[in-house]
Each structure stands twice: as structure tokens, then as C-alpha cells.
Amino acid sequence: MRTSLVAALRALIIVMLAASITVMVLLLPLYGRMVVETFPEVGHLHLPVLVLTEAFMVSALVVLVSMWVLVGMVGRDVVFSARAFRWVDAIIVAFVVGAVIAFGLLMWIVGFVDIGGPPTGMLGVAGTVGCLAAAVLMALMRGLLVKATEMQDFLAEVV
């Protein structure tokens, strides 16, 4: 892969990491406090929702860090290795964990606490389905990586 593409992808990953960390550290706690001030009757939900949302964000950070490593491996032309499979597996697990967190939060907020209304439900469904779709896509891509690695190994033996 061309070094300019690797550099561009890494720059985008840095921007996404910075934005994600800013959201986690500054915006989520601030927004949570604003909601509690506006709606004090849901104040008891602030900490549990914040913890679950932060956990969801951590799964996104795992995906970004894994992407960083994989992009570097592509740039060094060593992506066809067992080490790459571990990073792809980390992405799949992070997406599944994100889906579980989104679904659990959806069921808890809409199903048991009964607040938020349709927009909250739609956001929870979108997060769950989006994470599951990304996990399935990455599992498919992992299968393609396995086949490509086998082909490269075979060609290395032949040549």
C-alpha cells in the first residue's frame, strides 16, 4: 500500500481517537450533568448510564487502535500473518461487546426504567444493529484474510 494512503488513514484514525476521547472525558459527563439539572427525577440514572456509555466508547477505541495496528501492518506488507488475525478478532469482539452494551442499555432504559421514548429506542436499535452488522462484516473479512494468507503461503512454497 502506498505510504501516502497509510499516512492519510493514520491521520483519520488520530482524529477519530481524539474526538472519541474528547467525547468520553468531556462531553458525556457534561451532558449527563445537564440532563440531571434539567430533569432531576432521573438523577439516579446518571452514573449507570454514564458507565455503560463510556464502556461502549471503550469498545470503539479498541476498534480504532486495532485499525491503527492493521493499517501499519498493511503499510509494512505483513498483514498476511497470524498476528493480523488477533487484531481482526479484537475488532470483532469489540463490535459484539458494543452491541451487547447498546442492547442492554436499550432494554434497561426503555423496557424497565420506561424513559426516553421512541428516539431513545431508535438510537438503541441503531447502535445494536450497527455493531452486529459491523461484527458480521469483519467476520467475513477475516475469512477473506484467512484465504488470502493461505494463498500467499502456497505461492511462497511454489516460488
Side-chain angles (χ1 to χ4, degrees), residues 1 3-76 78-79 81-142 145:
M1 180 180 263
T3 56
S4 60
L5 288 176
V6 170
L9 280 170
R10 284 199 160 174
L12 288 172
I13 292 170
I14 288 171
V15 169
M16 290 187 290
L17 279 168
S20 298
I21 291 169
T22 301
V23 166
M24 285 179 67
V25 173
L26 297 175
L27 298 180
L28 287 176
L30 177 66
Y31 179 70
R33 283 191 300 272
M34 289 172 39
V35 168
V36 169
E37 288 173 4
T38 306
F39 305 103
E41 65 274 10
V42 295
H44 65 285
L45 299 175
H46 173 68
L47 187 60
V49 170
L50 181 62
V51 168
L52 289 171
T53 307
E54 297 279 350
F56 183 84
M57 293 294 294
V58 167
S59 70
L61 290 176
V62 169
V63 170
L64 290 173
V65 169
S66 299
M67 286 173 50
W68 176 274
V69 172
L70 287 169
V71 166
M73 293 176 78
V74 168
R76 292 186 312 274
V78 293
V79 75
S81 67
R83 188 170 165 234
F85 297 136
R86 288 192 295 266
W87 289 103
V88 172
D89 290 341
I91 292 173
I92 294 168
V93 168
F95 278 131
V96 170
V97 167
V100 169
I101 292 170
F103 184 74
L105 191 57
L106 169 67
M107 290 294 100
W108 181 56
I109 291 292
V110 175
F112 296 108
V113 180
D114 196 26
I115 61 169
T120 304
M122 290 187 295
L123 186 61
V125 168
T128 303
V129 171
C131 284
L132 287 176
V136 169
L137 178 63
M138 286 306 300
L140 174 69
M141 297 302 286
R142 186 188 190 286
L145 182 61

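Not measured: the values here are computed from a predicted model. One-based numbering along the sequence shown.
Residue L145 holds its CG atom at 11.5 Å from CG of L140, rounded to the nearest 0.5 Å. Atoms CD1 and CE, from I91 and M138 in turn, are 4.0 Å apart once rounded to the nearest 0.5 Å. Atoms SG and CZ, on C131 and F56 in that order, are 4.0 Å from each other to the nearest 0.5 Å. Atom-to-atom distance recorded for L64:CG and I14:CD1 is 11.0 Å, nearest 0.5 angstrom. The distance from atom CG of L61 to atom CD1 of I21, rounded to the nearest 0.5 Å, is 5.5 Å. The line from NE2 of H46 to CZ of R33 is 6.5 Å long, rounded to the nearest 0.5 Å.
L47 pairs by the side-chain contact (heavy atoms from CB on, under 4.5 Å) definition with V51, not counting sequence neighbours.
Looking at every heavy atom in both residues, A102 comes nearest to G127 through CB-C, 3.9 Å. Between W108 and L52, the shortest heavy-atom contact is CE3-CD1, 4.5 Å. Closest approach of V96 and A135 over heavy atoms only: CG2-CB, 3.9 Å. The minimum heavy-atom distance between M57 and M24, with the atom names listed, is CB-CG, 3.4 Å. Summarising the geometry of A84 relative to L70, their closest heavy-atom pair is O-CD2, 3.8 Å, with the distance given to 0.1 Å. For V63 against A94, the heavy-atom pair with the smallest separation is CG2-CB, 3.7 Å.
Residues I115 and L45 are in side-chain contact: their nearest non-hydrogen atoms beyond the backbone lie under 4.5 Å apart. Side-chain contact between L105 and T53: present, with at least one pair of heavy atoms (C-beta onward) separated by less than 4.5 Å. Contact check for F95 versus L132: no side-chain heavy atoms found under the 4.5 Å cut-off. In this structure the side chain of V35 reaches within 4.5 angstrom of the side chain of F39, judged on heavy atoms.
Around atom CE of M141, no more than 12 heavy atoms belonging to other residues, nucleotides or ligands sit under 6.0 Å away.
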